[in-house]
> 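Here you go, one structure.
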Amino acid sequence: MTLNIQTVITTPYEGQKPGTSGLRKKVKVFTQTNYTENFVQCILDANGAALNGSTLVVGGDGRFYCKDAAELIIRMCAANGVSKLLVGQNGILSTPAVSSLIRHNKALGGIVLTASHNPGGPDNDFGIKFNCENGGPAPDAFTNNIYQLSTAIKDYKIIKELQIDISNIGVNNYTIGGKTFVVEVIDSVANYVRHMKEIFDFAKLREYVSGKSTGKPLKMRIDSMNGVTGAYVREIFLNSLGAAENCVVHTIPLPDFGGLHPDPNLTYAKDLVETVANGDYDIGAAFDGDGDRNMIIGSKAFFVTPSDSLAVIAHYLNCIPYFQKNGIQGFARSMPTASAVDLVGKKLGKEVFEVPTGWKYFGNLMDAGRLCLCGEESFGTGSNHIREKDGIWAVLAWLSVMQHTGKSIEDILKNHWSIYGRNYFTRYDYEECELEPCNEMMSTMEKNITIASFIGKVYTRGDKSYKVKVADNFSYTDPVDKSIANKQGLRIVFEDGSRIVMRLSGTGSSGATVRLYIDSYERDNVLGKASEMLKPLIDIALEISELPKFTGRNAPTVIT
Ligand code: G1P
Ligand code: ZN
C-alpha cells in the first residue's frame with residue numbers, strides 16, 4: 001500500500017502550556033478533535049531540522065488513552081520525517097525506562113505518555129511530555145517554544161492509513177516518500193532491567209533478599225499501585241532477586257489504576273502503610289503511575305521522608321558498584337526539599353545544589369559532571385544513570401544500604417540523625433482550590449514578606465521563637481547555561497535554618513493546588529514526633545499566608 005502524508009487543517013487550542021512536567025489535562029480534553037494532534041505536531045516542530053531522520057522513543061504508563069495516543073504519535077512521526085521509533089509493547093514504558101532507552105539508543109528524544117501520579121481512566125487525567133536527547137524532561141526554553149507553536153498552529157501532518165499493531169514485539173518497516181520508516185516494538189522491561197544489573201550488585205542483593213546470606217528471607221511488600229512498575233517489579237524482585245510471589249502486589253498495570261490514586265505517599269498508599277504496620281515486614285515500598293516516584297517505609301511502617309531518604313543514600317553511596325566505578329560528584333535537591341542532604345555533602349566535601357521544583361533542573365548539572373545524586377521531597381530520588389527520577393532504582397539503593405549495614409531501616413535513620421541532626425519535614429497540600437484567590441494569596445504574601453522590615457521579625461509559639469533571616473520568591477540561575485528561573489516559590493528562612501516554603505503546583509489539571517512546606521532542623525532533639533515538632537511553624541505559616549481566609553480551607557487535603 002502506498003502511504004500518503006496528509007496535511008490536516010486545524011486551529012489552536014488555548015492552554016497547551018506544559019507545566020512542571022509536560023501537558024496534563026483530563027482525558028476528555030485530550031480526546032477533543034485535533035487536541036492531541038495539535039500538541040504532538042508542536043512537539044515535533046519544536047525539534048526543528050533535527051527531527052529529520054531521527055530516532056524517538058514512545059511509551060507511557062498504560063493509563064487510559066495511552067495506547068491510542070501511542071498509535072497516533074506513530075502515524076504523525078511517520079509523516080514528519082522521523083526515521084525510527086522505539087515503542088514499548090502496548091505503549092508501555094515507565095518514565096525511567098524511557099530516559100534509559102533514549103540514552104542507550106542515542107535517540108533525539110522521547111514522547112512520554114503519562115500524567116504521573118494523577119488518577120487515570122476516562123474521567124481522569126492524561127499527559128504528554130517530551131524528553132530531550134540527554135533523556136531528561138525538555139527545559140523551559142523548549143517547552144515555551146512548544147507552547148508558542150501551539151498558539152499559532154494551522155495544520156498537522158499524519159499518515160492515517162499506516163497500519164500498526166503495537167501489541168506484538170518486532171520490527172515493522174514502511175516506505176514513505178522513498179525512505180524507510182521503522183517502528184520497533186520492544187519489550188517494555190528488558191533494557192531497564194539490564195541497566196539496573198549494571199548499576200547494582202544483583203548477586204549480593206539476591207543472597208540478601210532470598211536469605212542465603214542472613215539466614216532468613218527479607219520480608220518485603222512492594223506495591224506497584226496498578227501502575228506501570230508492575231511489569232518491572234516482577235522481573236526485578238521476583239525473577240532476578242528471588243523474592244517470594246507475595247512480596248509484590250498490584251503488579252498489573254491497569255488503565256484506571258484499579259481506581260487507586262497512584263501516588264506513593266502516606267495518604268494514597270494507605271493499603272501499603274496499614275499492611276506493613278500490622279505485619280512483620282522489613283521494608284515496604286510503593287511507586288506512582290509512571291514509576292519515577294517512590295516511598296520507603298521500614299518495619300511497622302516507619303516512615304522515611306524523601307528528604308531523609310536522599311541524605312541516607314548519599315551517605316552510603318559508595319556501597320553501590322556504579323558509584324565505586326564512576327565516582328561521586330555533587331548532590332542536589334529541589335528548593336522545598338529539606339536540607340538533610342546538604343549536611344552529608346558538607347561532611348563529604350561535595351558540591352550541593354538547590355534548584356527549583358521539577359526534575360528538569362538537575363539535567364544540566366548531571367551533563368556537566370557536577371551532580372550524581374539528587375532528590376525532591378515529593379518522593380523523587382535518582383542519580384545520573386538517567387535524567388529522570390527513578391522509583392525502582394531508589395528501592396534497589398535502599399536494599400543495597402540495608403545489605404551493606406545489616407541494619408533495619410529505623411536503625412539506619414536513627415544512626416543518621418545521631419551523626420547529622422534531623423530535619424523534621426512536612427508538606428501540606430490544599431488540592432483543587434479556586435485559582436483566583438490563590439493567586440491573590442501568593443501575591444499578597446510576596447508583598448508582605450519582601451518589605452525590608454520583614455527581615456528580623458520574630459514569631460513565637462509556645463517556647464519556640466523564630467527570627468526571619470531571608471525571605472524571597474526563589475530565583476535560580478543555572479550554574480551551567482546561566483538560564484534564570486524566577487518566581488519559583490515563596491521562601492522564609494529563619495535564623496536556625498528552619499524554613500517555610502509556599503508555592504502553587506505546576507502539575508494539576510484543574511484549579512489550583514497550594515503546597516506548604518515546613519522544614520525544621522534539630523541538632524539533638526532527633527527522636528521527637530514530627531507532627532508535634534512542626535506544629536509551631538505550621539501555625540506561623542498559616543498566620544503569615546492567611547491561607548484559611550484566601551482558600552476557605554481549614555485543613556489540607558493531603559499531609560505528607
Ligand atoms: C510536583 C512535585 C515536584 C515534581 C513534579 C513532577 O510538582 O511537587 O517535586 O517534580 O510534581 O513529579 P508540582 O505539582 O508541585 O508543580
Ligand atoms: Zn511520576
Side-chain angles (χ1 to χ4, degrees), residues 17-24 59-63 93-99 112-120 125-129 131 136-138 140 143 224-225 227-229 232 253 257 261-265 268-269 286-295 305-307 310 332-338 354-363 374-382 386-394 425 427-433 438 442 474 485 487-490 501-517 557-558 560:
K17 193 171 175 52
T20 309
S21 207
L23 184 69
R24 291 185 194 168
D61 60 14
R63 68 177 60 226
L93 287 175
S94 73
T95 295
V98 172
S99 188
V112 199
L113 308 170
T114 176
S116 188
H117 49 284
N118 296 8
D125 287 3
F126 187 70
I128 303 184
K129 80 170 178 174
N131 282 24
D140 287 337
T143 54
S224 288
M225 296 180 86
V228 74
T229 53
Y232 299 82
F257 305 117
H261 187 153
D263 201 359
N265 59 38
Y268 294 128
F287 312 103
D288 70 338
D290 64 327
D292 54 357
R293 295 185 173 196
N294 77 91
M295 177 172 74
T305 70
S307 309
L310 174 65
R333 60 172 172 82
S334 64
M335 182 274 280
T337 304
E354 182 181 39
V355 310
T357 295
W359 209 259
K360 57 189 169 194
Y361 295 102
F362 296 125
C374 53
E376 293 193 276
E377 49 62 44
S378 53
F379 299 87
T381 325
I386 52 173
R387 296 294 180 271
E388 289 277 6
K389 53 192 177 245
D390 190 342
I392 291 177
W393 178 93
F425 182 83
R427 182 174 108 178
Y428 278 21
D429 294 331
Y430 301 80
E431 295 176 339
E432 301 205 19
C433 295
C438 289
M442 294 299 284
F474 181 64
K487 298 200 177 290
Q488 295 297 317
L490 302 177
V501 174
M502 198 151 182
R503 56 181 283 281
L504 297 185
S505 156
T507 55
S509 61
S510 55
T513 292
V514 183
R515 303 205 195 283
L516 170 64
Y517 313 77
T557 334
V558 178
T560 316

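In listed order, ligands and their atoms are each counted from 1.
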> Within the 4.5 Å heavy-atom criterion, are V228 and F257 side-chain neighbours or not?
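No, their side chains stay 4.5 Å or more apart.
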> Any nitrogen or oxygen of Y517, side chain or backbone, less than 3.5 Å from one on ligand 1?
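N/O-N/O distance below 3.5 Å does not exist for this pair.
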> Under 3.5 Å, is there a donor-acceptor pair between the side chain of S334 and the main chain of T357?
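Flag not set: sc S334 to bb T357 has no pair under 3.5 Å.
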> Does R63 use its side chain to pair, donor to acceptor, with the backbone of N118 at less than 3.5 Å?
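Side chain of R63 to backbone of N118, a donor-acceptor pair under 3.5 Å: yes, one is there.
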> Test your reading of the structure: does R503 have an N or O sitting under 3.5 Å from an N or O of ligand 1?
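Yes, there is a polar N/O contact under 3.5 Å.
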> Is there a nitrogen or oxygen of K389 sitting under 3.5 Å from a nitrogen or oxygen of ligand 1?
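Min N/O separation from ligand 1 is below 3.5 Å for K389.
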> Could you list which atoms of ligand 1 come closer than 4.0 Å to a heavy atom of R515?
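So the atoms of ligand 1 that pass are 8 (O), 13 (P), 14 (O), 15 (O).
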> If you measure from CG on D290 to OG on S116, what distance do you get to the nearest 0.5 Å?
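OG of S116 is found 4.0 Å from CG of D290.
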> If you measure every N/O of S505 against every N/O of ligand 1, is any gap under 3.5 Å?
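For ligand 1, there is an N or O atom that lies under 3.5 Å from one belonging to S505.
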> Working to the nearest 0.5 angstrom, can you tell me the gap between M295 CE and Y268 OH?
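These two atoms lie 13.0 Å from each other.
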> Strictly distance-based, threshold 3.5 Å: is any side-chain N or O of D288 a donor or acceptor partner for the main-chain N or O of R293?
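Yes, D288 side chain to R293 backbone: donor-acceptor pair under 3.5 Å.
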> With a cut-off of 4.0 Å, which atoms of ligand 1 are near a heavy atom of G358?
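Every atom of ligand 1 under 4.0 Å from some heavy atom of G358: 10 (O).
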> Is there a donor-acceptor contact under 3.5 Å from the side chain of T337 to the main chain of E377?
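A pair under 3.5 Å: yes.
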> Would G380 count as a contact of ligand 1 if the rule is a heavy atom under 4.0 Å away?
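No, G380 has no heavy atom closer than 4.0 Å to ligand 1.
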> Spell out the protein N/O/S atoms under 2.8 Å from the Zn ion (ligand 2) as residue plus atom name.
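S116 OG, D288 OD2, D290 OD1, D292 OD1, with waters left out.
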> Could you say whether the N/O atoms of R293 and ligand 1 ever approach to under 3.5 Å?
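Yes, there is a polar N/O contact under 3.5 Å.
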> With rounding to the nearest 0.5 Å, note down the distance linking CH2 in W359 to SG in C374.
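Interatomic distance, W359 CH2 to C374 SG, rounded to 0.5 Å: 3.5 Å.
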> Using a strict 4.0 Å cut-off to heavy atoms of T357, name the atoms of ligand 1 that fall inside it.
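Counting from 1, the qualifying ligand atoms are 3 (C), 8 (O), 9 (O).
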> Which value, rounded to the nearest 0.5 Å, describes the distance between Y428 atom OH and T557 atom OG1?
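Between atom OH of Y428 and atom OG1 of T557 there are 12.0 Å.
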> Looking only at distance, does S378 have an N or O less than 3.5 Å from an N or O of ligand 1?
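There is such a contact, yes.
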> Using a 4.0 Å heavy-atom threshold (strictly under), name the region of R427 that reaches ligand 1: side chain, backbone, both or neither.
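Side chain only.
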> For R387, does its backbone N or O pair with a side-chain atom of S99 as donor and acceptor, under 3.5 Å?
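Present.
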> Would you say the side-chain atoms of D390 pair up with the backbone N or O of A394, donor to acceptor, closer than 3.5 Å?
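Checked: no pair found.
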